[in-house]
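One structure follows; several queries about it will come next.
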Amino acid sequence: MIELGSEMGSETGSEFRVKSWRGALVGLALVGPMLLLGACGTQDGGDVETLTVVEQRFIISLVANGELRATESTTIKPPPGGNNNPRTIAWMTPNHGFVEEGDVIARFDASNAEKEAQRSGIELTKVDIQVVTKQRELERLLGELGNELDLVDIEKIMADEFVVEDSLAYSRHEIIDATRNKELLEYRSVHLEGKKGNYSDRQNAEIEVLNAARAKEEVLNLEHQAMIAYSEVTAPHRGYFVYEKNWWGQQIDVGSTIFPSNVIGRIPNLAKMEAVLQVLETEAIGVAIGQSVDVRLDAFVDRPLNGKVSNISATAQPVSRDNPVIYFTVVVALDQADPEWITPEAQVSAEIHISQVDGAIAIPNQTLYQDDNGEWVLVRDGGSFRKQQVALGHRGANRSEVVSGLSAGDEIALYSPQPADT
């Protein structure tokens, strides 16, 4: 007799596993007694290998791959100083490097900000010189107009003191000329006062324009100075610094151009970890929140971890832009976390326990046949085989549960005898 486990799986203690490490559903059976193969005669006298049906524990599992991440982490963004323009990362601490509070973990290229700050500083100096020049020019013009007004005032005083009104002492023409001179002085005084006001208004307007230009340039200068002053990012607390990935899966690194709202990295809380698994859309049937999961890090396969499914993505998505295959994202909350060896982004493989049935009858899928009436098997009946309809429960990639049609002790053919009389 041949033990089925020796051909289809590897024994571990009292049970053997038949797994597909590409993520297929897995059948797990507790062998006690083991399934047995025997030989019997067929109608044509040939031999065919058979399997004796027994009751056993049947587990449907799903194997998937993924990576670890922390459930809580501190996001690291560019410093708040400066404008909303993109910035280029000039240096970063190594990915997964351990940092202490206050350590510099990223530095941005500030060369352009330094050039712009120098240029705006020169512009501010030029504007200040122009404002001073305008103010001095206004003072000069107002001074000249003031002198003219003073002369007019003196002439008006003299005209008042030497009034020509005696018609006996002066001729009529002299009296008319004196009156006209007095009116002319009044008009000239009003004209100079208006001119003085116009000069002041015009010069003040020009100074206001220069001040507005200066204010704009000063804002730019302050932004550039802030970008220089805030060109470094420091760690808010101790921990491992992990690079962030952009929306197409590439890590942000030296040379990356980012905006102020972008996240450049995280410092995870290593006391709370979870596994993020990618499950093929076609194989995710049956996965549910709360199912137990066995997780193993690729680097520490001898240290299994336990967890439960905590979240399943609503829709399946491709994991990369170049691969059209779509996956559901399944999150597994781990029961333990050890920062010494359980670290973010560590690659893992996990076995999700979909279902378990005790005392089940599970048979290899190769023994099943199908027609319009459903599934059937070939059951040994004396020296021949007869067709037996069966009803299936849980189905795996290698084995399926039979809920009716077979009983413990039945002997079924592993393949169809030739010819088969059904």
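This chain uses plain numbering: 1 for the first residue, then up along the sequence.
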Within a 6.0 Å radius of atom CG on Asp302, are there more than 12 heavy atoms belonging to other residues, nucleotides or ligands?
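Enclosed.
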Shortest non-hydrogen contact from Arg266 to Ser73?
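So the minimum-distance heavy-atom pair works out to CD-OG, 3.5 Å.
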Is it the case that the side chains of Glu232 and Thr234 hold a donor-acceptor pair, with the cut-off being a distance below 3.5 Å and no angle test?
no
Mind listing the closest non-hydrogen atom pair of Gln356 and Ile59 along with its distance?
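For Gln356 and Ile59, the tightest heavy-atom pair comes out as OE1-CD1, 3.4 Å.
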Identify the heavy atoms of Asn221 and Ala117 that sit nearest to each other, and give their distance.
ND2-O, 3.1 Å
Supply the atom-to-atom distance Arg136 CZ to Lys134 NZ, rounded to the nearest 0.5 angstrom.
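It is 14.0 Å, given to the nearest 0.5 Å.
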Is there a donor-acceptor pair closer than 3.5 Å between any side-chain N or O of His96 and the backbone N or O of Pro344?
yes
Output the distance between atom OG1 (Thr93) and atom OH (Tyr243), rounded to the nearest 0.5 Å.
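If I round to the nearest 0.5 Å, the distance is 6.5 Å.
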Is there side-chain contact between Ile267 and Tyr240, with at least one heavy-atom pair below 4.5 Å?
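Side chain of Ile267 against side chain of Tyr240, heavy atoms only: no contact under 4.5 Å found.
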Strictly by modelled atom types, are Ser61 and Glu351 linked by a side-chain donor-acceptor pair under 3.5 Å?
yes
Ignoring hydrogens and geometry, is there a side-chain-to-backbone donor-acceptor pair from Arg107 to Trp91 under 3.5 Å?
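Here the side-chain-to-backbone pair does not exist.
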Using a strict 4.0 Å threshold on nitrogen-to-oxygen distance, state whether Arg238 and Glu101 make a salt bridge.
no
Any side-chain to backbone donor/acceptor pair from Asp371 onto Gly374? Under 3.5 Å, distance only.
yes
Has the side chain of Tyr369 got a donor or acceptor atom that lies under 3.5 Å from a matching backbone atom of Ser416?
yes
Tell me the closest heavy-atom pair linking Ala350 and Val293, and the distance in Å.
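Minimum heavy-atom separation between Ala350 and Val293: CB-CG1, 3.8 Å.
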Worked check of side-chain contact (heavy atoms from CB on, under 4.5 Å) between Ile129 and Thr133
CA-CA 6 Å; Ile129 293 174; Thr133 301; 4.2 Å; yes
Which is it for Val402 and Val53 under the side-chain contact (heavy atoms from CB on, under 4.5 Å) test, yes or no, and what are the steps along the way?
CA-CA 10 Å; Val402 177; Val53 175; over 6 Å; no
Within the 4.5 Å heavy-atom criterion, are Thr329 and Tyr327 side-chain neighbours or not?
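No. Closest side-chain heavy atoms not under 4.5 Å.
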Under 4.5 Å between any side-chain heavy atoms of Val331 and Thr71, yes or no?
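In short, these two side chains do not touch, never coming nearer than 4.5 Å.
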Answer yes if the side chains of Thr74 and His237 hold a donor-acceptor pair under 3.5 Å, and no otherwise.
yes
Could you tell me the separation between the CG atom of Asp338 and the CZ atom of Phe300, rounded to the nearest 0.5 Å?
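Taking CG in Asp338 and CZ in Phe300, the distance rounds to 9.5 Å.
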Would you check if Gln388 and Trp376 make a side-chain contact, meaning some heavy-atom pair closer than 4.5 Å?
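Gln388 vs Trp376: side chains apart.
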Which distance, rounded to the nearest 0.5 Å, do you find between the CD of Glu55 and the OG of Ser407?
8.5 Å
If we only count heavy atoms from C-beta on, is the Val48 to Leu414 side-chain gap below 4.5 Å?
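Heavy-atom side-chain distance check fails, nothing below 4.5 Å.
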Just wondering, do Glu345 and Asn95 contact through their side chains at under 4.5 Å, heavy atoms?
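Yes, close enough: below the 4.5 Å cut-off.
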Please step through side-chain contact (heavy atoms from CB on, under 4.5 Å) for the pair Leu277 and Val348, ending with a clear verdict.
CA-CA 8 Å; Leu277 309 177; Val348 301; 4.1 Å; yes
Write down the atom of Ala90, the atom of Val254, and the distance for their closest heavy-atom approach.
O-CG1, 3.4 Å
Polar side-chain atom of Glu375 near backbone of Gln389 as donor-acceptor pair, under 3.5 Å:
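Side chain of Glu375 to backbone of Gln389, a donor-acceptor pair under 3.5 Å: no, none is there.
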If you compare all heavy atoms of Thr257 against all heavy atoms of Pro86, which two are closest, and at what distance to 0.1 Å?
CG2-CB, 3.5 Å
d(Arg395 CZ, Asn365 CG) to nearest 0.5 Å is 5.5 Å
Just so I know, are the side chains of Ile326 and Gln317 near enough to count as touching, which here means a heavy-atom distance under 4.5 Å?
no
To the nearest 0.5 Å, how far apart are CD in Gln291 and CD1 in Ile352?
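So the gap between those two atoms works out to 7.0 Å.
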Assess the residue pair Asp335 and Leu305 against the criterion (side-chain contact (heavy atoms from CB on, under 4.5 Å)); give the C-alpha distance rounded to whole Å, side-chain angles, the decisive distance to 0.1 Å, and a yes or no.
CA-CA 7 Å; Asp335 296 336; Leu305 300 171; over 6 Å; no
Donor on one side chain, acceptor on other, Asp109 and Thr88, under 3.5 Å:
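Note: Asp109 and Thr88 side chains miss the donor-acceptor criterion.
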Ion pair check, Arg214 and Glu217, cut-off under 4.0 Å:
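Looking at Glu217 together with Arg214, the answer is no, because their closest N to O distance does not fall below 4.0 Å.
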Answer yes or no: is there a side-chain heavy-atom contact under 4.5 Å between Phe241 and Met92?
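Phe241 vs Met92: side chains touch.
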Using a cut-off of 6.0 Å, state whether more than 12 heavy atoms not belonging to Gln135 lie near its atom CD.
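Yes, CD of Gln135 has more than 12 neighbouring heavy atoms, counting only those of other groups under 6.0 Å.
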